[in-house]
Chemist: 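After the structure tokens below, expect a handful of questions from me.
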Amino acid sequence: MEIEIIKCHGSGNDFLLIDEISNHYSFTEKQRRDLTIALCNRESELGADGILFVMNSDKADGRMRVFNSDGSEASMCGNGLRCVARYVCELKGTSEAVIETMKADLAVRKDEEIFPEIPTYLVEISPVSFNVKDLPLQIDKETLLNEEIPSLSKKLAFTAVAVPNPHLITIVENEVIRSDVQKEISQFVNGPNELFPDGVNVSFVKALNPGKIYVRTFERGVGFTNACGTAMSASTLVSCLNGLNEIEKPVEVFNNGGKVRCVAHKQNNTYKIDLIGNATYVYQTKVQVDIDSPENFTCLGKEPFVQETEQYAKLQEEVKGYLNEALNA
Ligand SMILES: N[C@@H](CCC[C@H](N)C(=O)O)C(=O)O
């Protein structure tokens, strides 16, 4: 079969977007998994952190299913949702929409550009839960807020939060960011282990200035990515709860692929976060693939989105310069 694909990214966290609204594809669950592993392979002609399947919804303007590059399905993806937000809004000719995801229907809208001529979308990140059962994290307490997990580290204090995909967050200094500690902990909690039976996204956060943080994430099902939208949202909230930033005030979140803006909100003891950032198209292509044996697919040419890719590179240059100074201080 032939499948149309848009390669897109949010903060350099890159995805292959497959439109099942306009195209009548029909995939079994196994086919979705195997297709994801084959097309996301970085050694292949495509390669990506995951696939975004955009589908019709009975109750919203569209539905997103997201698969990590290892073929596992995730309940949410913030950077991916911005790309899906743009795709659905442009398809329907609107500037706002509601997208059904695995655990929630989320409001999205086109927003003021975070950098000149960069398509920018705001997506809602919710529900937020600090109950360890929602990750799941198997420990003998209800929440883990800035506390040690001695079997992981005797020095770092972690917060566990589901948004609703699972995150483990710690606030650190530059020398820890530069060390191998994050890799070692992340590989442990994403291998067979008793703490996180389903794995977890692990973020190390460095407070830069008031209103600015840097977040590096090792993603479950992928490894280190340029950025993780749900992780940046969860990290913003954790930074507010630690007094480094303020609820309701925008926080600039720097990452290895660019930057986003997040705003944490609190209403009736419930949190939600706005994630605002680019939704950039890189190229469109078509692949010819045997859907039951997708490893040997053929890519039928690529049409690049030159202007927006070049514009995003300018944002990245600016961020790189800023981070060089901030993280080496
Ligand atoms: N990159 C995403 C998160 C993708 C899913 C994650 N790896 C998981 O398994 O929970 C984002 O931008 O949020």
Side-chain angles (χ1 to χ4, degrees), residues 7-17 32-33 36-37 40 42 47-54 64-87 99 101-104 106 108 114 120-129 134-137 160-169 182 186-187 189-191 193 196-203 205 215-238 253-262 272-280:
K7 173 73 174 274
C8 52
H9 75 83
S11 279
N13 188 196
D14 61 346
F15 307 98
L16 304 171
L17 184 152
R32 283 184 200 282
R33 180 180 179 278
T36 306
I37 295 171
C40 291
R42 295 274 177 200
D49 293 328
I51 291 194
L52 305 167
F53 293 98
V54 183
M64 172 180 83
R65 287 186 71 184
V66 54
F67 283 66
N68 291 316
S69 58
D70 72 350
S72 59
E73 183 170 10
S75 54
M76 223 330 240
C77 174
N79 291 328
L81 184 59
R82 295 204 307 278
C83 297
V84 171
R86 172 177 174 186
Y87 191 81
I99 307 292
T101 64
M102 189 191 284
K103 295 200 177 156
L106 299 171
V108 303
I114 48 155
T120 300
Y121 281 78
L122 177 155
V123 300
E124 173 188 354
I125 304 294
S126 80
V128 175
S129 166
D134 291 324
L135 281 93
L137 162 58
V161 58
V163 296
N165 60 339
H167 291 272
L168 184 67
I169 293 168
Q182 184 173 11
S186 304
Q187 286 177 338
V189 293
N190 283 290
N193 77 99
F196 296 93
D198 298 346
V200 65
N201 301 291
V202 181
S203 293
V205 179
V215 179
R216 184 181 186 223
T217 305
F218 183 104
E219 281 194 42
R220 172 179 72 164
V222 191
F224 280 112
T225 54
N226 281 322
C228 172
T230 44
M232 294 187 287
S233 307
S235 299
T236 296
L237 176 57
V238 170
V253 186
F254 291 82
N255 55 67
N256 288 350
K259 66 172 179 180
V260 297
R261 191 174 309 123
C262 290
K272 70 173 188 173
I273 307 128
D274 293 339
L275 168 66
I276 304 151
N278 74 301
T280 301

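Note that ligands are numbered from 1 as they come in the structure, with each ligand's atoms numbered from 1 the same way.
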Chemist: Would you say the side-chain atoms of Ser11 pair up with the backbone N or O of Ala227, donor to acceptor, closer than 3.5 Å?
Modeler: no
Chemist: Using a strict cut-off of 4.0 Å, indicate which atoms of ligand 1 neighbour a heavy atom of Gly78.
Modeler: 11 (C), 12 (O), 13 (O)
Chemist: Counting from 1, what ligand 1 atoms have a heavy atom of Asn68 closer than 4.0 Å?
Modeler: 4 (C), 5 (C), 6 (C), 7 (N), 8 (C), 9 (O)
Chemist: Tell me: protein heavy atom nearest atom 12 (O) of ligand 1, and distance?
Modeler: Gly229 N, 2.6 Å
Chemist: Examine Met76 against ligand 1 and note whether any of their N/O atoms are separated by less than 3.5 Å.
Modeler: no
Chemist: What atoms of ligand 1 come closer than 4.0 angstrom to any heavy atom of Thr230?
Modeler: 3 (C), 11 (C), 12 (O), 13 (O)
Chemist: Any idea which heavy atoms bring Gly47 and Asp14 closest together, and the distance?
Modeler: O-OD2, 4.0 Å
Chemist: Evaluate Arg216 against Asn255 for side chain to side chain donor-acceptor pair (under 3.5 Å), listing each step before the verdict.
Modeler: CA-CA 6 Å; Arg216 184 181 186 223; Asn255 55 67; over 6 Å; no
Chemist: Give the contacting part of Asn201 toward ligand 1: side chain, backbone, both or neither, where contact means a heavy-atom distance below 4.0 Å.
Modeler: side chain
Chemist: For the residue pair Cys262 and Thr236, what are the closest heavy atoms and their distance?
Modeler: CB-OG1, 3.3 Å
Chemist: How does Asn79 reach ligand 1, by side chain, by backbone, by both or by neither, if only non-hydrogen atoms under 4.0 Å count?
Modeler: both
Chemist: Answer yes or no: is there an ion pair linking Asp70 with Arg33, defined by an N-O contact shorter than 4.0 Å?
Modeler: no
Chemist: Among all protein non-hydrogen atoms, which one is nearest to atom 4 (C) of ligand 1, and what is the separation to 0.1 Å?
Modeler: Glu219 OE1, 3.3 Å
Chemist: Identify, by atom number and element, the atoms of ligand 1 in contact range of Ala74, meaning under 4.0 Å from any of its heavy atoms.
Modeler: 5 (C), 8 (C), 9 (O), 10 (O)
